[in-house]
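Structure record follows, encoded as structure tokens.
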Protein chains: 2
Amino acid sequence: MKIGELSKTSGCSIQTIRYYEKEGLLSEPERTEGNFRLYDVTVLKQLEFVKHCRSLDISLIDIKRLIDLKNKPEESCSSVNALIAQQLALVNKRMKELKALKNELQQMASTCNSDNTIEGCGIIKSLDS
Amino acid sequence: MKIGELSKTSGCSIQTIRYYEKEGLLSEPERTEGNFRLYDVTVLKQLEFVKHCRSLDISLIDIKRLIDLKNKPEESCSSVNALIAQQLALVNKRMKELKALKNELQQMASTCNSDNTIEGCGIIKSLDS
DNA sequence: ACTTGACCCTATAGTTACTATAGGTTTTAC
DNA sequence: GTAAAACCTATAGTAACTATAGGGTCAAGT
């Protein structure tokens with residue numbers, strides 16, 4: 001199939017597919033005589049793998065590491081485990097930050113309506129402090 | 001004070017200060033004869049305002065809006081309120097995503113150790129599916 | 001055979017909020 | 001007087017794309 005079809009079946013934009021290829025996340029496809037990319041089914045699996053990783057917010061560099069690891073099936077999977085653990089730590093950290101954020105924003109929102117002008121606006125006041 | 005001192009007292013890097021100035025978040029300071037920026041205390045307050053907003057993950061564009069609103073004290077503060085509400089919605093959305101993420105990552109991490117090779121690694125398997 | 005439109009190609013710029021660098025000028029301390 | 005520290009502007013780099021410009025290819029219809 002050509003890139004347009006791959007884009008439709010995978011849900012990735014054409015530019016993203018080309019970008020992933022350039023970054024080494026997808027193997028380089030055959031080309032037609034006219035230089036069009038020509039894919040077989042295996043690339044679809046590669047792309048799904050990348051998409052799944054991205055949906056977990058794993059960075060492209062880490063995805064590349066995972067792909068390299070996949071290609072060494074006899075090695076220890078402890079590095080895979082470490083990578084996921086690290087990702088989890090990142091998510092946990094971000095969640096904490098977001099909770100604090102949410103609290104402050106909610107509190108700010110609740111102080112808004114003393115009167116209706118910016119001069120008396122509690123939100124601006126708390127941002128100023 | 002010069003930019004180095006402002007940087008130290010505010011905790012913002014020198015480049016960031018210059019960047020904020022370029023983006024119109026700080027008023028342009030006086031200059032010495034030798035073209036060095038010369039700040040008075042009011043800029044420190046402006047900078048604190050920006051920092052506080054950034055700590056709430058408010059985008060620079062939105063901070064600029066807030067600053068513009070601050071300068072119209074007689075107007076209605078409903079736009080301020082809307083901006084904060086929107087920010088809160090954004091945070092809530094991101095928190096939901098992160099929770100889902102965390103769940104999947106935790107589940108993946110727990111499937112790791114069937115044997116110790118990548119070939120049998122449950123994490124890679126779940127990423128493949 | 002020719003044209004039209006859909007599809008494809010590469011290369012480059014834009015996005016956000018900074019950080020880092022290069023290459024130069026000014027000030028301060030000795 | 002000179003050397004170091006601090007400052008200046010302009011530009012490039014970061015992540016993970018998206019969008020655009022300016023072209024080439026291919027299939028269908030006339």
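Chain letters run A, B, ... following the sequence lines, proteins first and then strands; every chain starts at 1.
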Does any part of the side chain of [Y], heavy atoms only, come nearer than 4.5 Å to the side chain of [X], both counted from C-beta?
X: B:Cys53; Y: B:Leu66; result: yes
X: B:Leu25; Y: B:Phe49; result: no
X: B:Tyr39; Y: B:Ile17; result: yes
X: A:Gln87; Y: A:Leu56; result: no
X: A:Leu47; Y: A:Tyr20; result: yes

Rounding to a whole Å, what distance do you find between [X]:[atom1] and [N]:[atom2]?
X: A:Arg18; N: C:dT10; atom1: CZ; atom2: C1'; answer: 8 Å
X: A:Gln15; N: C:dC7; atom1: CD; atom2: C1'; answer: 13 Å
X: A:Met1; N: C:dC7; atom1: CE; atom2: P; answer: 16 Å

With sequence neighbours excluded, what pairs up with [X] under the side chain to side chain donor-acceptor pair (under 3.5 Å) test?
X: B:Arg54; value: none
X: A:Glu119; value: none
X: A:Ser27; value: A:Gln46

Near DNA chain C, counting only heavy atoms under 4.0 Å, which residues of residues 86-105 of chain B show up? none
Among residues 19-56 of chain A, which contact DNA chain C at a heavy-atom distance under 4.0 Å? A:Arg31, A:Asn35, A:Phe36, A:Arg37
For A:Lys102, check salt bridge (Lys or Arg N to Asp or Glu O under 4.0 Å) against everything at least two apart and list the hits. none
Tell me every residue that passes salt bridge (Lys or Arg N to Asp or Glu O under 4.0 Å) with A:Asp68, counting only those two or more places apart in sequence or in another chain. none
Given C:dT28, C:dT19, C:dC9, which nucleotide is nearest the side-chain atoms of B:Lys2? C:dT28
Pairs in or reaching into residues 85-97 of chain B: which pass salt bridge (charged side-chain N to carboxylate O under 4.0 Å, His left out), with residues at least two apart or in two chains? A:Asp57-B:Arg94, B:Lys93-B:Glu97, B:Arg94-B:Glu97
Hey, where on DNA chain D does chain B first and last touch, going 5' to 3'? Cut-off is any atom under 4.0 Å from a heavy atom. D:dC7 to D:dT9
When the rotation axes relating C1' atoms of four end pairs to the next four are compared across the helix from C:dA1-D:dT30 to C:dC30-D:dG1, five pairs an end, they differ to 10° by 30°
With sequence neighbours left out, write down each residue that passes side chain to side chain contact (heavy atoms under 4.5 Å, CB included) with B:Glu75, or none if nothing qualifies. A:Ile118, B:Lys72
Applying side chain to side chain contact (heavy atoms under 4.5 Å, CB included), can you list everything that pairs with B:Lys8, at least two apart in sequence or on another chain? none
